[in-house]
Amino acid sequence: MKVVIVGGVAGGATAAARLRRLDEKAEIIIFERSGYVSYANCGLPYYIGGEIDNKEDLFLQTPEGFRKRFKIDVKTLHEVTKINRDRKTVTVLNKKNGSVFEESYDKLILSPGAKPFMPDFCKGESRNVFTLRTVEDTLKIREYTDNTPIRTAVIIGGGFIGLEMAENLKKRGIDVTVLQKSKHLLNTVDEDMASFVHAKLKAEGIKILFGADVKSIDNGTVITNCAQIYADMILVSVGVTPENTLAKEAGLKLGVKGAICVTDHMQTSDADIYAVGDAVEITNFISKDKAVITLAGPANKQGRIAADNICGSNSTYKGTQGASVIKLFDMTVASTGMTEAQLKTSGISYEKVILSPLSHAGYYPGATVMTLKVIYEKETFRILGAQCVGFEGVEKRIDVIATAIFAGIPADALKELELTYAPPYSSAKDPVNIAGFIIDNVKKGFVKHFYYEDVAELQKRNDVTLLDTRTVQEYMRGHAGGFTNIPLDELRQRLSELDTEKPVYVMCQSGLRSYLATRILMQNGFDAYNFAGGYRLYGSMYYDEAASKRAYDCGMEN
């Protein structure tokens, strides 16, 4: 059997190695159009920032290594330009000498990845305008930043690559501005969770301009709908599109965003052609809708599955949850499943809980606060997604919930999970358990929640009581408008100050004291609601929203 693989990196390289482990006699050839076959794509920004000092550390495997260990023929700087399905060959351009030849295959695996989306304003060449996708891009940027006096940089787009580059350039002493067309950064989390990201980046000295619709780039000046910003360096990072040219020209079936349609065996519409990685259409594990989700983990799994099926071992791809994590200075942001915005688009009815627990036992030094959001289906309590922002143990909690989603564990059953505990790592009641306790209380009717988006309307009403149960000192340092202060420890003695005919909406710093207050109130005849996430979330959202509105009107925030 002869297997030709188009493209290396995560999907193609994984498929090749798995094929060899399953079939020692197969002839395996990888054609990679770049000069590198297997590299740490996600590590590229950190080489530019200097955290990874040696570029050789980026390379996971070399053509020579593949040949020696796996007996796989890797041809870098060889671009497949055409698939000839009628005669089961591919046309290949040798970019080293310009020669063209055909290579036959029994089975073909496409792993072309995705390419940076290039808006109209980015047409043409410019020495200080960059994208970041490949090793070659990385080396080009690193050389430029090492050898050119750079004081200012503009990053267009606030996704993973854009923000990782913002951090790494800032660490090199460069004044960084991020331009974001929408109202918040990182579409893997919702606006409430992103508010903490905005605050962190601003605290680190990174400027953010929301509502920035870039019109053109002219000689180092980025011209938007509301400002003109000069920069010594410009990075365009507004997303990627599936690299589908070969598949499209070969007549293979395409799907969402032009991605290559595949079965759960990673088989295309041609039985002898498989496709994996960022170029393929997948099934969203939660909604079951077709989607394109570009992540290294799924690409690796898909490569393995394609190899299994080529070798006669039945393997299926179950879909993508979209679990992801990003480091921003000392902050970590992680998520899995669907966001509220995505659920609204899909028409899935949901509820949510938001909590602000400590990363580990409070009495052990160094505990930090995290904000954890769990979204679940309203009727079935099926977990639909989770998001977490904090400084320690964030990715651990999201990994646990990602596993629960895959296993079909309902949201209220998170309280039953037995998770490791020692004071330096967690509390006896882990944040994931606490989320389960809260959801169980909702299910049993012991607590009802209200959210940030409800506050403005409640503040206009005269038929409700707004109550802040923090200490007087906390309240004086800042509080939501219209909220009366009665500290939790005084509440039982001061119930007579409240009107039993009015629903009571209660807020505290993290959501714990306000929950205790609602239990007191409900058992004394009041209709009470607890504010999800506490004043910590409210303050972050309130001040971020005000700043975003100013920025959306062309003001710069830092």
Side-chain angles (χ1 to χ4, degrees), residues 190-193 195-196 340 344 349-357 369 371-376 378 387 411-412 434-435 437-546:
D190 288 306
E191 188 175 1
D192 49 3
M193 305 298 281
S195 68
F196 296 106
E340 286 191 70
K344 287 173 183 174
S349 179
Y350 67 90
E351 293 284 0
K352 60 185 175 182
V353 297
I354 306 170
L355 55 152
S356 299
V369 178
T371 300
L372 174 62
K373 177 179 184 178
V374 180
I375 311 171
Y376 57 95
K378 201 166 187 176
Q387 303 161 34
D412 56 316
I434 295 172
F437 293 142
I438 296 171
I439 295 166
D440 182 60
N441 283 334
V442 171
K443 187 175 184 178
K444 292 175 177 174
F446 294 153
V447 67
K448 294 180 288 186
H449 287 117
F450 70 108
Y451 305 94
Y452 177 82
E453 56 265 31
D454 303 321
V455 173
E457 186 60 35
L458 289 170
Q459 289 170 328
K460 299 175 185 177
R461 292 169 55 179
N462 296 318
D463 59 342
V464 299
T465 298
L466 305 180
L467 181 64
D468 189 319
T469 58
R470 295 176 297 159
T471 65
V472 173
Q473 292 79 7
E474 288 175 296
Y475 180 81
M476 294 299 292
R477 284 197 294 266
H479 58 270
F483 279 72
T484 301
N485 181 223
I486 301 179
L488 172 64
D489 294 341
E490 301 175 16
L491 182 59
R492 290 184 179 86
Q493 292 75 40
R494 298 175 62 179
L495 287 175
S496 60
E497 299 177 26
L498 304 176
D499 186 344
T500 57
E501 299 300 315
K502 292 183 178 181
V504 185
Y505 292 82
V506 192
M507 184 182 292
C508 74
Q509 187 65 21
S510 69
L512 175 58
R513 282 173 288 176
S514 52
Y515 163 64
L516 298 175
T518 61
R519 293 304 303 145
I520 294 170
L521 292 165
M522 291 173 74
Q523 293 176 81
N524 279 277
F526 290 88
D527 183 19
Y529 298 80
N530 184 27
F531 182 74
Y535 183 77
R536 180 175 183 273
L537 175 67
Y538 176 85
S540 181
M541 277 291 290
Y542 179 80
Y543 293 111
D544 187 62
E545 188 176 74

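All values below were derived from every heavy atom in this structure, side-chain atoms included, with hydrogens, water molecules and symmetry-related copies excluded.
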Whether over 12 other heavy atoms sit under 6.0 Å from Q493 CD: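 Above 12, so yes.
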Over 12 non-hydrogen atoms of neighbours within 6.0 angstrom of CZ in R492: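 Open: at most 12 neighbouring heavy atoms sit under 6.0 Å from CZ of R492.
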Is the shortest heavy-atom distance from the side chain of [X] to the side chain of [Y] under 4.5 Å?
X	Y	result
Y529	V464	no
T465	T484	no
K373	D192	yes
R494	P487	yes
E490	E497	no
L521	L491	yes
D489	T469	no

Aromatic plane relationship, Y451 with H449 - under 30° parallel, 30 to 60° tilted, over 60° perpendicular: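 Taking Y451 first and then H449, their aromatic rings sit tilted (interplane angle of 30° to 60°).
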[X] side, atom [atom1]; [Y] side, atom [atom2] - distance, nearest 0.5 Å:
X	Y	atom1	atom2	value
F196	Q387	CZ	CD	11.5 Å
M476	N485	CE	CG	9.0 Å
F531	S510	CZ	OG	11.5 Å
R477	T471	CZ	OG1	6.0 Å
D190	E340	CG	CD	4.5 Å
I486	L495	CD1	CG	8.0 Å

Has [X] got a side-chain atom pairing as donor or acceptor with [Y]'s backbone, closer than 3.5 angstrom?
X	Y	value
D412	I439	no
K502	N462	yes
Q509	R470	no

So which heavy atom on [X] is nearest to which on [Y], and how close?
X	Y	result
F446	R519	O-NH1, 3.0 Å
T371	S356	OG1-OG, 3.8 Å
P357	I434	CB-CD1, 4.5 Å
I438	L355	CD1-CB, 4.0 Å
L372	A435	CD2-CB, 4.3 Å
F526	L498	CE2-CB, 3.7 Å

side-chain hydrogen bond (donor to acceptor under 3.5 Å, both in side chains) evaluation trace for S195 with S540: CA-CA 6 Å; S195 68; S540 181; 2.7 Å; yes
By salt bridge (Lys or Arg N to Asp or Glu O under 4.0 Å) - contacts of D440 (at least two apart):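 Testing D440 for salt bridge (Lys or Arg N to Asp or Glu O under 4.0 Å), a comparison that skips the adjacent residues, returns K415, K444.
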Intermediate values then yes/no, side-chain hydrogen bond (donor to acceptor under 3.5 Å, both in side chains), Y515 and N441: CA-CA 10 Å; Y515 163 64; N441 283 334; 3.2 Å; yes
CA sep, side-chain torsions, deciding dist, call: Y505, F450, ring pair (Phe, Tyr, Trp, His ring centres under 6.0 Å): CA-CA 8 Å; Y505 292 82; F450 70 108; 5.1 Å; yes
Sequence neighbours excluded, every pair satisfying salt bridge (Lys or Arg N to Asp or Glu O under 4.0 Å) that has a member inside residues 522-538: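 Checked against salt bridge (Lys or Arg N to Asp or Glu O under 4.0 Å) - neighbours excluded - the pairs reaching residues 522-538 are K448-D527.
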